[in-house]
Every structure is written in structure tokens, then in C-alpha cells.
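For this chain, numbers begin at 1 and follow the sequence in order.
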Amino acid sequence: MSARIATPSGPAGHPGAAAPDGVLVRLGTLFRTTAFKLSLAYLLVFAAFAFFALGYVAWNARRVLDDQIVSTIEAEINGLSDQYAAGGIRRLVSVVERRSREPGASLYLVTTPAGEHVVGNVETLPPGVLAEPGQTETAYSRVGDGDRLDHRAIVRIFTLPGGFRLLVGRDVEERDRLRAVIGRAFAWSLMLVVGLGFLGSWFIAQRVLKRVDHMTEITRGIMAGDLDGRLTLAGTGDELDRLASNLNAMLDRIGELMRGMREVSDNIAHDLKTPLTRLRNKADAALREGNDPDALRAALEANIEESDNLIRVFNALLMIARLEAGNAREGLADFDAGAVALEVAELYEAVAEERGVGLRAEIEDGLLLHGSRELIGQAMANLIDNALKYGQTTPDPGSPPAVRVTARREDGAVLLAVADQGEGIPEADRGRVLERFVRLETARTRPGFGLGLSLVNAVARLHQGTFALEDAAPGLRAVLRMPALAPREVQPPRETTA
């Protein structure tokens with residue numbers, strides 16, 4: 001009884017077809033990566049450089065060998081010239097005969113004026129070579145090889161007195177052998193460079209693709225709803241790590257905006273429910289007491305005032321949303337933040353005097369900012385208004401409470417600060433009060449909706465700055481810190497007191 005083993009089949013019904021298809025898809029993805037293309041481009045540049053470098057080496061090696069051969073021929077010629085000068089043609093023939101019998105690459109030939117062989121180790125030359133005195137490279141055959149011109153040599157030909165011809169040369173077999181060795185090394189080197197470069201490109205692209213695939217998997221989870229997912233950093237500090245870090249920061253910012261939107265929705269549901277309920281109850285009471293025109297008028301006026309408060313709340317929410325989304329950058333210009341702080345402080349002088357609060361402003365000139373003059377003014381107005389509302393206690397019963405407004409340059413930044421002498425805010429709550437609709441228990445008896453500090457914080461972010469609440473010992477100090485422009489002219493601080 002035989003058993004059958006099932007094999008997986010691909011889409012076309014052929015066993016194992018799916019695996020090769022998957023490999024091909026993977027390779028196609030790999031070859032399309034930027035890392036592979038850059039590595040391949042670098043490989044081509046390096047291969048071209050190696051080609052020219054090796055070619056230059058081979059050309060120089062051949063030239064050196066040729067120069068060496070020519071130098072050897074020159075030495076041979078000088079020696080033979082001395083022999084000829086000493087003994088004439090007979091002495092020359094005798095020396096050439098003796099040297100021709102010695103093994104080596106040196107070549108000699110003496111012929112008659114008619115071209116007949118007299119002595120030498122050269123058997124055959126191509127026609128016309130002996131007829132042209134001077135140096136040349138030619139084919140030849142040695143004595144005993146017959147007429148096969150299967151050797152090459154560099155030779156120099158002289159015409160002697162009486163029409164005799166002398167050939168002195170040297171075989172270039174060693175040069176050709178070295179050239180063949182260099183050619184093989186050249187070919188193998190290029191193949192090795194291309195092969196190793198291709199493997200290196202594949203390895204680099206594989207590593208990069210693995211990290212990109214991991215990032216893709218995480219981003220898919222984020223798109224599916226897992227907003228807490230973050231890209232993993234390899235710790236190498238390379239461009240992918242920088243990209244992952246920036247994407248994580250972007251996701252953190254998106255998470256903050258999403259949490260803020262959920263908090264706004266919850267706060268609107270809770271904090272605006274009371275004024276809406278009050279508005280409805282007043283309208284219902286007015287309908288029940290509809291016989292008195294004065295009561296109806298009073299109810300309508302109360303409803304209009306409540307509606308105005310709600311409109312202000314929604315306007316503040318819209319402004320905060322625009323600031324946090326970066327949609328309020330139109331109309332930005334350079335302006336003097338100190339002048340804005342002084343103008344706002346002067347506007348609140350009458351309010352401070354009415355409440356019996358001393359308002360003091362210390363402003364430097366030349367505090368240039370690039371941003372929105374109106375938004376900075378609104379932020380300062382919110383801070384001064386809060387200080388006048390909640391900073392009316394004083395540690396010295398004999399002196400009135402004071403609010404201090406300062407504007408100065410510090411470490412390349414413009415500092416706008418408002419300090420009071422009130423009860424302050426506990427350190428644990430200073431971050432929480434910057435959120436929308438957050439009001440501490442001590443402030444719930446006073447008018448407001450808890451949006452003023454949120455607006456100031458959004459204005460600081462729009463101007464690439466920070467907003468912090470600090471201990472004024474006693475009281476609270478609210479500080480706006482924003483990057484300053486280069487000062488055109490710095491004047492001594494101006495001081496006003498209400």
C-alpha cells in the first residue's frame with residue numbers, strides 16, 4: 001500500500017508555484033527600493049573608476065616594459081657599435097654569432113646588401129622590414145622555427161657601410177605574458193567588484209526594506225485606530241531614525257489634538273449644559289408669566305445676555321482651535337511687543353483703579369517679535385484680567401494689592417509677564433489649568449468659563465514660544481516667552497503706575 005504526499009500548488013495549479021511568485025514579488029520590491037538604486041548607482045560609479053584605474057595601471061605597466069626593452073636594445077647597440085668600431089664587419093659578425101647562441105630574449109641579425117642571412121638567431125621577418133631603418137615592432141621566427149611568424153619583438157635596424165644591415169631587438173613575450181596576467185586580473189577584479197557590490201547593495205537594501213516594512217506595519221496599525229503605536233528607533237541616528245523620531249513627534253502632536261478634541265467635546269457637554277439649561281428655564285418661566293410685559297422684557301434681556309456669553313465661549317473655542325491648527329498665520333508682521341503690553345496695561349488702568357488694585361508696568365523698548373499684534377494683545381489682556389480677578393489679596397493689610405506687568409529681553413527671547421499677589425495656583429494644577437474649561441474650585445464662584453489661559457497657551461505655540469505659570473512668592477506669575485528679532489534700538493525701561 002503506497003501513501004500519497006500532497007504538495008502545495010500555486011494559483012495556476014502547479015505544485016510550489018506560490019513560493020517562487022512570492023520570492024519574485026519580494027525581489028521586485030527589493031530592487032525598487034531607493035537604497036538598492038543608490039547602492040547600484042554607487043556600484044556603477046565605483047566600477048567605472050576601477051575600470052579606468054586598472055586600465056591606467058595596465059597601460060603604464062606596458063609602457064614601463066617597453067621602455068625597459070628599448071633601454072636593453074640601446075645597451076646592446078652601444079656594445080655592438082664599440083665592437084664594429086674596433087674590428088669592422090668581421091668583428092661584428094663574430095660577436096653577433098657568439099651572442100646569438102646564448103639563450104635569452106635578445107635578437108640579432110646581420111644580412112648582406114641583397115638581404116641574404118649572414119649570422120643571427122632570427123630566421124624570418126615580414127617583407128620590407130629590413131628595408132626601413134629605425135625602431136619598429138614586428139613579427140618574426142627564430143632559427144629552427146621555419147617560416148612561422150609566431151613571435152613578436154621590438155627591433156632596431158641599421159644600415160652599415162658597404163650595404164650590410166644589422167638588426168638588434170628583444171622578444172616581447174614576457175611583456176605579452178604580463179599583459180595577459182594583468183588582463184585576467186583586470187577582468188576578475190571587475191567581476192569581483194561588481195559581484196561584491198551587487199551583494200552589498202542587496203544586503204543594504206534588505207536591511208533598509210526590513211526597517212521600512214516594520215514602519216509600514218506599525219503605520220497600518222495606527223491607521224486602523226491604534227493611535228498609541230509608535231515607530232521603533234534603531235538607535236543608529238541615521239536618516240530612518242530621524243524620520244521615525246519626527247513621525248513619532250507628529251503622532252504625539254496628533255494624539256494631543258485628538259485628546260484635546262475629546263476633552264472639548266466632554267467639557268462642552270458638561271460646562272455648557274448649565275447655561276443652556278438656565279437659558280431654557282428663563283424662557284420657560286417667561287412663557288408661564290407671559291401676562292406681564294416688563295417680566296417678558298426682563299426675561300428676553302436675560303436670555304440675550306446668556307446667549308452673548310455662549311457666543312463668546314464658542315468664539316474663544318474657535319480661536320483656540322484655529323491657533324492650535326496653525327491657521328492664524330496670515331497677517332503676521334514684525335512689531336514691538338513692549339508697546340503692545342504697555343497699551344493693554346494702560347487700557348486696564350481704570351479697571352485696576354476701580355478695584356483698588358495697583359497696576360504697575362515695566363516695559364523695555366525694542367522688543368521686536370514676528371507674529372500677530374492682535375493675538376499678543378488678546379493674550380496680555382487675558383492675563384491682566386485674570387490677575388485683577390484672582391489676585392486681589394495682599395500679604396500686607398496696610399497696602400493695596402498690586403499687579404505687575406513686565407516686558408523685557410532675556411537670552412534672545414522676549415518675556416511678557418504678569419504677576420499678582422493673590423492666592424496663586426498649586427504647582428500640581430498649573431499644567432491642568434491650561435486646558436479648556438478647567439477651573440479650580442476657588443474660581444468657580446467668579447465669572448468665566450476657563451478658556452483664557454488656554455487661549456494664551458495657544459497664542460504662545462503659534463509664535464513658537466512657551467507659556468508657563470510660576471510662583472511669585474506670594475501670588476502667581478504668568479510668563480510668555482517667545483523668540484525675539486534682532487533689536488533695532490534698545491531704550492531704558494518705561495514705567496507706569498496706576
Side-chain angles (χ1 to χ4, degrees), residues 50-189:
F51 177 83
F52 286 110
L54 292 174
Y56 180 75
V57 170
W59 178 76
N60 273 283
R62 176 171 179 172
R63 189 181 66 175
V64 168
L65 289 175
D66 287 347
D67 291 343
Q68 184 178 0
I69 291 172
V70 171
S71 299
T72 303
I73 294 174
E74 290 288 344
E76 294 276 1
I77 291 172
N78 291 333
L80 292 174
S81 297
D82 293 340
Q83 296 295 330
Y84 181 78
I89 189 66
R90 291 181 181 275
R91 182 72 174 269
L92 177 65
V93 169
S94 176
V95 173
V96 168
E97 183 179 9
R98 186 178 66 251
R99 291 187 180 184
S100 297
R101 290 195 295 266
E102 296 175 357
S106 295
L107 301 175
Y108 308 94
L109 178 63
V110 177
T111 67
T112 64
E116 296 174 351
H117 186 280
V118 176
V119 69
N121 55 4
V122 176
E123 177 75 24
T124 308
L125 290 169
V129 173
L130 291 174
E132 298 180 3
Q135 181 175 306
T136 184
E137 182 172 341
T138 181
Y140 78 99
S141 67
R142 283 180 175 267
V143 172
D145 290 344
D147 294 334
R148 299 191 310 272
L149 301 176
D150 52 359
H151 300 286
R152 293 195 66 80
I154 296 177
V155 299
R156 182 172 290 184
I157 300 165
F158 298 91
T159 301
L160 302 175
F164 287 90
R165 291 184 177 87
L166 170 65
L167 178 147
V168 181
R170 193 164 182 85
D171 192 278
V172 295
E173 182 180 359
E174 293 180 359
R175 185 199 69 183
D176 293 340
R177 188 182 301 117
L178 179 61
R179 185 169 60 180
V181 170
I182 293 177
R184 286 193 296 271
F186 181 78
W188 280 105
S189 298

Enclosure of Gln68 CD (heavy-atom neighbours >12, cutoff 6.0 Å): no
Nearest heavy-atom neighbours spanning Pro133 and Ala131: CD-O, 3.4 Å
Partners meeting salt bridge (charged side-chain N to carboxylate O under 4.0 Å, His left out) with Arg177 (sequence neighbours left out): Glu173
Ser106 backbone acceptor or donor facing Asn121 side chain under 3.5 Å: yes
Point-to-point distance, once rounded to the nearest 0.5 Å, from OH of Tyr108 to CZ of Arg101: 12.5 Å
Set of residues satisfying side-chain contact (heavy atoms from CB on, under 4.5 Å) with respect to Ser81, sequence neighbours excluded: Ile77
Derivation and outcome, side-chain contact (heavy atoms from CB on, under 4.5 Å), residues Glu132 and Ile157: CA-CA 7 Å; Glu132 298 180 3; Ile157 300 165; over 6 Å; no
Main-chain N/O of Thr124 paired to Ser141 side chain as donor or acceptor, under 3.5 Å: yes
Contact summary for Gly120 and Val96, nearest pair of heavy atoms: CA-CG1, 4.3 Å
Separation of Ser100 OG from Arg142 CZ (nearest 0.5 Å): 9.5 Å
4.5 Å side-chain heavy-atom contact, Arg90 and Val93: no
Inter-residue atom distance Ile154.CD1 - Glu137.CD, 0.5 Å rounding: 5.0 Å
For Glu76, salt bridge (charged side-chain N to carboxylate O under 4.0 Å, His left out) partners two or more places apart: Arg99
CZ on Arg156 to CG on Leu107, rounded to 0.5 Å: 14.5 Å
Leu92 and Leu160: CA distance, side-chain angles, deciding distance, side-chain contact (heavy atoms from CB on, under 4.5 Å) verdict: CA-CA 11 Å; Leu92 177 65; Leu160 302 175; 3.4 Å; yes
Closest approach of Ala153 to Tyr140 (non-hydrogen atoms, all atoms of both residues): CB-CE2, 3.6 Å
Thr111 OG1 to Leu125 CG distance, which is reported to the nearest 0.5 Å: 9.5 Å
From Arg170 atom CZ to Thr72 atom OG1, the distance as rounded to the nearest 0.5 Å: 5.0 Å
